[in-house]
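Scope of the values below: all heavy atoms of this structure, side chains included, with no hydrogens, waters or symmetry mates.
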Amino acid sequence: MTASIIEVEGLTKSYGGKRGIIDVSFQVGEGEVFGFLGPNGAGKTTTIRVLMALLRADSGTARIAGLDSWDRSLEVKRLLGYVPGEPSLDPNLTGGQLLEYFANLRGGVDQAYLKTLIERLDLDTSRKFRQYSTGNKRKVVLIQAFMHRPRVLILDEPTSGLDPLNQQEFDGMVKEAREEGHTVFLSSHVLSEVEKTCTRVGIIREGHLVRIGDVAELKDIKRYEITISFAHPIPVDAFTKLDGVTDVETLRDGSAVRLAMQGAADAVIKAAAQYPVVSLTSYEPSLEDVFLRYYERDGEAPKEAAGVA
Amino acid sequence: MWLRSIYLKTLRDYRVPILGWGIGMGLVIVSPMASVSELVRTPEARAALVSLAQTFVWNADAIAADTVGGYATFKIGIFIFLIGIWPLLAASRMLRGEEDRSSLDMLLSVPRGRVRVALEKLAAMWTALFAMAVIIGVLAFLGRTAFKASFGLGDALLFGLDLALFCAVIGGVALLISQFTHERGPAAGTTAGLLLIFIVLDMVHRVIPNTDWISRLSPIYYYNLSKPLVPTYGASLGGMLVLLALAVALSAAAVWLFARRDVGDTVPLPRWLRLSDRVAGPSRSLPEREWSLRSVYARSLGMIAVPTLWWTLGIAGGAAWMVIVVQQVEGKLKTLYTDSPFLTDLIKNLGGANAEFNAAFLAAMFSLLPLLLMAFAVTQVNRWTADEDDGRLEIVLSTPQSRPVVLFGRFAALATSTVVVAVATLAGAALASSATGIKLDSTNLAEATLGLVPMALFVAAIGYLAAGWLRSAADTGLISFLLAAWFFITFVGPELKLPEATLKLSAFYYYGTPLLHGLQLANVAVMVAVGAAALALGTLRFARKDIGV
């Protein structure tokens, strides 16, 4: 990892006795695209809002570029672009007015680049914010985060509400930011999104950072399901001991199986090909489902996950 | 229990207004009761009061104005606009407000029909209105006991019921109009405009003979048919039934339209009534030269500009009207003033002793101006706290603008607006004075009007301070209560022989009677110092608090 630009040490925040985050520590190197994964309510937004100096930590420190995010918040914010989880803006201003307003508040925004971003995300700037669809509201917020080419981008579930085309455009923008040496801290509860965009990930659950490492290391928690329907009942034993299969469930009197998978599906496809297949569907469970199975089935986190942070 | 149905949940949301508005309006009714028995100590004073009330008959019916119940009914008639504010705000927010926040989508996803959802909400508002009516009735009855009036508890409750029915009609109007607007603000504004028109329509038959048919177009006419606090007049069942029918019809029409239109959209208007549709294609341009987008202060000014215009018209127009009225009723007031020790005391308390009558009376009336400008400040404090509650400060605070700069930007915009209102009020009063020939000391007039600014900013600073701990509704409720309490202390306190120390607790005490004596520098200094301290503490708190928590 390169020199750290985001350093979080022992960060704890509660809301009047209710859990927020507990003793969270991690570092993000300059130029990294860091994914912050966790189910809903795990503490992702709390961590981000502490980094943004919108919340004051009960204990611990959060530093960006060596500056304490609370004590030196003004200098920190000059370095940042931010997309909140639930963006709310003046409903009576047009998209263009909002972007111009935030450009003025930030200062030093290259208008030509701003217009390029507007073109790129295909935003109609003449409509009022309240008239925008969810996806277009998200575009306004994304553009204001990227428009000043910030050194660090802090994005809280940034693609929520974007259509696949714009998600692709967003991926491109993140990639370019990374190529320019900028750092991206991106929270998500969608495993595949983080896998596609990020180089390293941290996983937070119930306020605790339970795991941190390279994206490649996610494979041991990455699970998915395959449901195969056959023309007639088949012997389920044909799948139980295959590589990658962790669980088998028989459906419709044996003429269909639901397989819990981890890793490659090659062996399963080859085994299924022995029988007349009617349909095959693959499903990636939500991160919450993954956590539910991975962390709670055995009552506690696996050893390799616990204490890694 | 309160979350078992939409009706109960909505009623739960209304619990603070039920108490706050009910008690507040109750006190507005009791206050004139406190004064009237003192006003009519001699037959001459009684005759003068009746004559004076007749002078204002264009504004409100003056029936048995020399009795406790009659005078209270007459006074509440003058303030009928205030009575209508809560129902018009609540009804314009009821469906359209929820659509603004997209929370209605969720509510309509539960297995309940749209009509039922709307009716449950409407029923909750009506229940709230009738609960307020009971509070107002009980307070009126307590006032009757204290000031020895002749009406009974039933009469007092009927009085509350008449008010509630009138409010239900105004609520129905707002609910209906909100089906045609995209946001709740225009619905509330249009209803407020209609309320003013209703007031004018109701006035017509009292000013121009044989024009009853015009006044019958106004629901206020039917409200005025009942005067239960005047035992010789009584309540009009017919009038109340008309109000009930109007409320039901307007609400039913609103619910019917709501059930048939798209959620988030409006009832389609005929083509000739529609504003020109957007025909231009998508734009990629940016308003690079727009002044109101250059800073937090400029943006705040842009946000406050339209409300400032309306409040300026109201306050400056009110001040000019006061000057004109004084000239018109001078003779009658003088008789009453001479024969009523109470009025003499009241005007001396409010308008100042040892002054010419006109000036003293005008000074007493001018003491209402700070109340109005402070109410404007309350609305702007509410906007500030609502912005934080709704998350609209989040991205602003992610820019390199410090929290104090953001807060001061908003406060400075409010300060600028109050200066505009004060200067326009000065101009309005000066013009009216010059047109009517009423002589006013120009320095004192300038101090009386410009002195409104520290009053408004004082209450705003208190609101900004409290916003450090309270959410929008609680903060607005707190400073509204403070305003009501200060009003009560200053306007009724001297008659209740409240000690000087208590009178000094009211912000109005420090405004004094600048029209007669100029602003007292020490008092202004106290206001400014306390206000500045509150703003400084509020800024410190805002700089350290968790945003949106």
Legend entry - Partner chain B: residue of A:L79, A:L105, A:N92, A:L80 with the largest heavy-atom pair count (under 4.5 Å): A:L105

Inset, instruction - Would you check, one step at a time, whether the test side chain to side chain contact (heavy atoms under 4.5 Å, CB included) holds for A:F102 with B:L293? - result: CA-CA 8 Å; A:F102 288 115; B:L293 303 173; over 6 Å; no

Inset, instruction - List the steps, then state whether side chain to side chain contact (heavy atoms under 4.5 Å, CB included) holds for A:R56 with B:K545. - result: CA-CA 7 Å; A:R56 189 170 198 186; B:K545 72 173 290 204; over 6 Å; no

Legend entry - Any side-chain heavy-atom pair of A:Q111 and B:L286 under 4.5 Å: yes

Legend entry - Check: B:M303 and A:D90 side chains under 4.5 Å, non-hydrogen atoms: yes

Inset, instruction - Could you look at A:Q144 and say if it's the side chain, the backbone, both or neither that has a heavy atom under 4.5 Å from chain B? - result: side chain

Inset, instruction - Check whether A:Q97 gets within reach of chain B through its side chain, its backbone, both or neither, counting any heavy atom under 4.5 Å. - result: both

Legend entry - Residues, nucleotides or ligands: over 12 heavy atoms within 6.0 Å of B:W291 CH2: yes

Legend entry - Side-chain touch B:E394/A:P87, heavy atoms, less than 4.5 angstrom: no

Inset, instruction - State whether the side chain of A:T125 and the backbone N or O of B:S283 hold a donor-acceptor pair below 3.5 Å, judged by distance alone. - result: yes

Inset, instruction - Answer with side chain, backbone, both or neither: which region of B:Q401 has an atom nearer than 4.5 Å to a non-hydrogen atom of chain A? - result: both

Inset, instruction - Could you look at A:L93 and say if it's the side chain, the backbone, both or neither that has a heavy atom under 4.5 Å from chain B? - result: side chain

Inset, instruction - Examine the side chains of A:Y101 and B:E290 and answer whether a donor and an acceptor come within less than 3.5 Å of each other. - result: no

Inset, instruction - Count the heavy atoms of every other residue, nucleotide or ligand shown that sit under 6.0 Å from CD of A:Q168, and state whether that count exceeds 12. - result: no

Inset, instruction - Let me know if B:S402 has heavy atoms under 4.5 Å from chain A in its side chain, its backbone, both or neither. - result: both

Inset, instruction - Working to the nearest 0.5 Å, report the span between OG of B:S398 and CG of A:L54. - result: 7.5 Å

Inset, instruction - To the nearest 0.5 Å, tell me how far A:M52 CE sits from B:I547 CD1. - result: 11.5 Å

Inset, instruction - Evaluate whether atom CD of A:E86 has more than 12 neighbouring non-hydrogen atoms of other residues, nucleotides or ligands under 6.0 angstrom away. - result: no

Legend entry - Region of A:L114 that comes under 4.5 Å of a non-hydrogen atom in chain B: side chain

Inset, instruction - Examine whether an atom of A:R78 lies under 4.5 Å from a heavy atom of chain B, and if so say whether it belongs to the side chain, the backbone or both; otherwise answer neither. - result: both

Legend entry - For chain B, the option from A:E119, A:E75, A:R49 that forms the most heavy-atom pairs under 4.5 Å: A:R49

Legend entry - Per-residue contact mode, A:L123 against chain B (heavy atom under 4.5 angstrom): backbone

Inset, instruction - Examine whether an atom of B:R544 lies under 4.5 Å from a heavy atom of chain A, and if so say whether it belongs to the side chain, the backbone or both; otherwise answer neither. - result: both

Legend entry - Carboxylate-amine/guanidinium proximity below 4.0 Å for A:K13 and B:D546: yes

Inset, instruction - Look up atom OG in B:S295 and atom CG in A:N104, then write down how far apart they are to the nearest 0.5 Å. - result: 8.5 Å

Legend entry - Part of A:D122 lying under 4.5 Å from any heavy atom of chain B: both

Legend entry - Interchain contact, B:V405 with chain A, by part (heavy-atom threshold 4.5 Å): neither

Inset, instruction - Count the heavy atoms belonging to other residues, nucleotides or ligands that lie under 6.0 Å from CZ of B:R289, then report whether that count exceeds 12. - result: no

Legend entry - Residue pair B:T399 / A:Y82, side-chain heavy-atom distance below 4.5 Å: no

Inset, instruction - Output yes when A:D124 and B:R284 qualify as a salt bridge under the 4.0 Å nitrogen-oxygen rule, no when they do not. - result: no

Inset, instruction - Flag the pair A:K115 and B:E288 as a salt bridge only when some basic side-chain nitrogen lies within less than 4.0 angstrom of an acidic carboxylate oxygen. - result: yes

